[in-house]
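Proteins get letters first, then strands, A, B, ... in listed order; numbering begins at 1 in each.
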Number of protein chains: 2
Amino acid sequence: MSSNESNLADRLGHYVVLTDAERAALGALESEERQVRRGATLLEEGKASRELFIVRKGWLQSSVLLGNGGRQIMRISLPGDVLGLSALAFDEAPETVKALTDATVCPFDREQVTGLINSHPRLTALLLALTLAERTVLADRLASVGRTPARARIAWLLCDIFARLRIANPDHDAVHVPLTQEEIGDATGLTAVHVNRMMRGLADDGIIERRGSVVRLLAEDRLFDEANFTNRLDIATSWLPRAG
Amino acid sequence: MSSNESNLADRLGHYVVLTDAERAALGALESEERQVRRGATLLEEGKASRELFIVRKGWLQSSVLLGNGGRQIMRISLPGDVLGLSALAFDEAPETVKALTDATVCPFDREQVTGLINSHPRLTALLLALTLAERTVLADRLASVGRTPARARIAWLLCDIFARLRIANPDHDAVHVPLTQEEIGDATGLTAVHVNRMMRGLADDGIIERRGSVVRLLAEDRLFDEANFTNRLDIATSWLPRAG
DNA sequence: CGCACCTTTGAATGAGATCAAAGATGGTGG
DNA sequence: CCACCATCTTTGATCTCATTCAAAGGTGCG
């Protein structure tokens with residue numbers, strides 16, 4: 001069940017050198033493990049939930065349903081991500097979270113966050129900064145969907161995914177992307193049919209290569225360029241409280 | 001210069017009963033006032049900035065510029081809002097902030113946030129919750145722009161503005177909206193021309209009334225309905241740390 | 001190996017963009 | 001106080017990018 005590793009601690013460790021106490025506090029959030037089957041729903045829009053999660057393994061998606069049957073995918077979550085943070089603002093989940101692959105998550109409840117805030121100011125500040133970075137990525141995504149043509153939106157989504165995967169795996173440039181074209185459409189505000197044509201275009205132009213659901217990046221610079229992508233993975237740390 | 005009122009304290013006071021110490025800490029953030037002319041830029045995308053602001057008076061907008069000349073407006077800021085929080089995650093502003101009307105803001109720097117986090121866990125938790133609520137609103141906006149037709153997007157924007165104005169002014173239903181149709185377009189991912197046609201449609205259908213830039217809400221329920229709007233202004237407080 | 005789901009391609013349609021030009025509005029300086 | 005000019009709004013005509021509809025291949029899993 002519990003491993004003495006912590007995905008979240010590893011991630012935060014990129015930004016600051018964690019104290020043992022901090023590492024222990026983060027590890028406590030990952031003391032419980034839950035297996036999730038591909039397709040299973042972890043959180044449902046509108047349903048009560050005070051649970052949060054840290055992703056240990058697998059891919060998940062957060063989405064909302066529109067009145068007209070449409071669906072918007074807000075974010076793809078990867079290992080090391082925190083999920084369901086909005087439980088800290090709302091008693092009812094604003095988004096549905098579904099597993100795209102078999103996944104392992106570590107659930108904890110919001111009272112554990114209360115404890116963290118009370119005793120670890122620096123971790124709290126990091127959590128806030130991470131949340132703000134995520135908000136900024138969401139803003140970038142909005143700009144992409146609101147103000148760029150179909151091809152650039154697809155490019156942006158690929159950049160987002162690749163940039164994040166690179167952290168854990170700097171070498172890999174071929175990735176199994178467990179998203180159907182319909183889902184890519186729901187993330188970019190397009191129809192599956194149009195997604196298909198645009199992906200074909202990117203492949204024809206030698207920017208990506210596709211084999212089934214495996215995507216290989218052939219011309220990262222051109223993709224970033226078409227997407228107008230900004231990497232938001234580095235965060236400012238100079239203002240953080242002293243460790244303690 | 002300094003007034004002994006705090007917009008932010010008033011706002012947070014809606015959610016919890018603040019202690020004197022908490023009220024004082026928040027007041028300190030608003031000890032300095034700065035006047036901003038309509039059209040003036042407070043923060044510029046890409047430029048260094050460690051300043052944050054609390055809005056005291058006036059309307060402002062946050063936007064990003066796209067490579068192709070397009071612009072996406074992310075958020076309209078009103079009195080009581082915190083602006084420039086992303087300075088806590090990035091040394092360079094990800095968004096440009098511009099005053100839509102003459103405005104008064106209270107600047108403070110991010111080291112003051114450090115102090116707040118060190119000594120006021122409950123305020124820190126509230127700040128986190130507020131940020132998460134804002135992120136959720138951004139997600140709602142993304143769903144609106146990505147997955148609904150032009151008319152519904154305009155409706156959503158109006159709902160967002162009216163819902164927030166209602167807090168300070170529950171009675172008013174006619175509001176001077178200092179946005180050009182071009183700006184409404186930049187917020188909704190539409191052209192000014194199409195915004196014009198959609199607004200006319202909403203007026204023709206008796207949902208709103210327009211006199212110059214003053215908009216009156218005639219059928220709030222129908223507007224909310226068309227927009228698929230969810231009010232995100234209430235936040236959960238049961239998990240917050242005890243005051244102290 | 002058969003069925004459900006996904007991808008691919010073609011053709012027709014449509015929502016919103018683009019282009020163009022005529023009113024309205026309001027702030028500024030004379 | 002008024003006239004002027006810049007900016008914003010409104011409306012029409014045309015165009016285009018993406019949607020919709022339809023149907024033929026693939027793929028993988030039970």
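- For DNA chain D, the neighbouring residues in residues 179-192 of chain A, judged by any heavy atom under 4.0 Å, are A:G189, A:L190, A:T191.
- Contacts of A:E45 classified as salt bridge (Lys or Arg N to Asp or Glu O under 4.0 Å), with partners at least two apart in sequence or in another chain: none.
- Comparing the start and finish of the helix from C:dC1-D:dG30 to C:dG30-D:dC1, five pairs each, the helix axis swings through 50°, to the nearest 10 degrees.
- Of all heavy-atom pairs between B:T230 and B:D140, the closest is O-OD2, 4.1 Å.
- Residues that satisfy the side chain to side chain contact (heavy atoms under 4.5 Å, CB included) test with A:A87, not counting sequence neighbours, are A:L52.
- Rounding to the nearest 0.5 angstrom, the gap separating the CZ atom in A:R75 from the CG atom in A:L138 is 9.0 Å.
- A distance-only check finds a donor-acceptor pair linking the side chain of B:E183 to the backbone of B:T180 [under 3.5 Å].
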Step-by-step salt bridge (Lys or Arg N to Asp or Glu O under 4.0 Å) determination, B:D186 to B:R71: CA-CA 6 Å; B:D186 285 338; B:R71 180 177 60 159; 2.6 Å; yes
Check against side-chain contact (heavy atoms from CB on, under 4.5 Å), A:E95 and A:L43: CA-CA 7 Å; A:E95 299 173 350; A:L43 286 173; over 6 Å; no
List the atom pairs, with distances to 0.1 Å, where a side-chain N or O of residues 155-168 of chain B and a protein N or O form a donor-acceptor pair under 3.5 Å, not counting sequence neighbours.
unit_1 : atom_1 : unit_2 : atom_2 : d
B:D160 : OD2    : B:R164 : NH2    : 3.3
B:R164 : NH1    : B:I76  : O      : 2.8
B:R164 : NH1    : B:D81  : OD2    : 3.1
B:R164 : NH2    : B:I76  : O      : 2.6
B:R166 : NE     : B:H172 : O      : 3.4
B:R166 : NH1    : B:E220 : OE1    : 3.1
B:R166 : NH1    : B:E220 : OE2    : 3.1
B:R166 : NH2    : B:E220 : OE1    : 3.4

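- Judged as a side chain to side chain contact (heavy atoms under 4.5 Å, CB included), and not counting sequence neighbours, the contacts of A:P107 are A:E32, A:R34, A:E51, A:F53.
- Side-chain contact annotation: A:E33 with A:T104, donor-acceptor N/O pair under 3.5 Å absent.
- Near DNA chain D, meaning a heavy atom under 4.0 Å away, the residues from residues 195-213 of chain B are B:N196, B:R197, B:R200, B:R210.
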A:R135 and B:L85: CA distance, side-chain angles, deciding distance, side-chain contact (heavy atoms from CB on, under 4.5 Å) verdict: CA-CA 10 Å; A:R135 193 191 62 174; B:L85 266 173; 4.3 Å; yes
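- Scanning DNA chain C 5' to 3' for nucleotides with an atom closer than 4.0 angstrom to a non-hydrogen atom of chain A gives a first and last hit of C:dC6 to C:dA11.
- Contacts of residues 141-158 of chain B with DNA chain D (heavy atom under 4.0 Å): none.
- The heavy-atom pair separating A:L83 from A:S77 by the smallest distance is CD2-OG, 3.6 Å.
- Among all heavy-atom pairs drawn from B:A152 and B:S144, the shortest one is O-OG, 4.3 Å.
- In this view, B:E44 and B:K47 satisfy the salt bridge (Lys or Arg N to Asp or Glu O under 4.0 Å) rule, not counting sequence neighbours.
- B:R141 pairs by the side-chain hydrogen bond (donor to acceptor under 3.5 Å, both in side chains) definition with nothing, not counting sequence neighbours.
- Between the CD atom in A:Q181 and the CG atom in A:N196 there is a gap of 4.0 Å [rounded to 0.5 Å].
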Test side-chain contact (heavy atoms from CB on, under 4.5 Å) applied to A:L42 and A:V105, step by step: CA-CA 10 Å; A:L42 205 58; A:V105 298; 4.2 Å; yes
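- Put simply, chain B comes within 4.0 Å of DNA chain D, heavy atom to any atom, from D:dC8 to D:dA13, going 5' to 3'.
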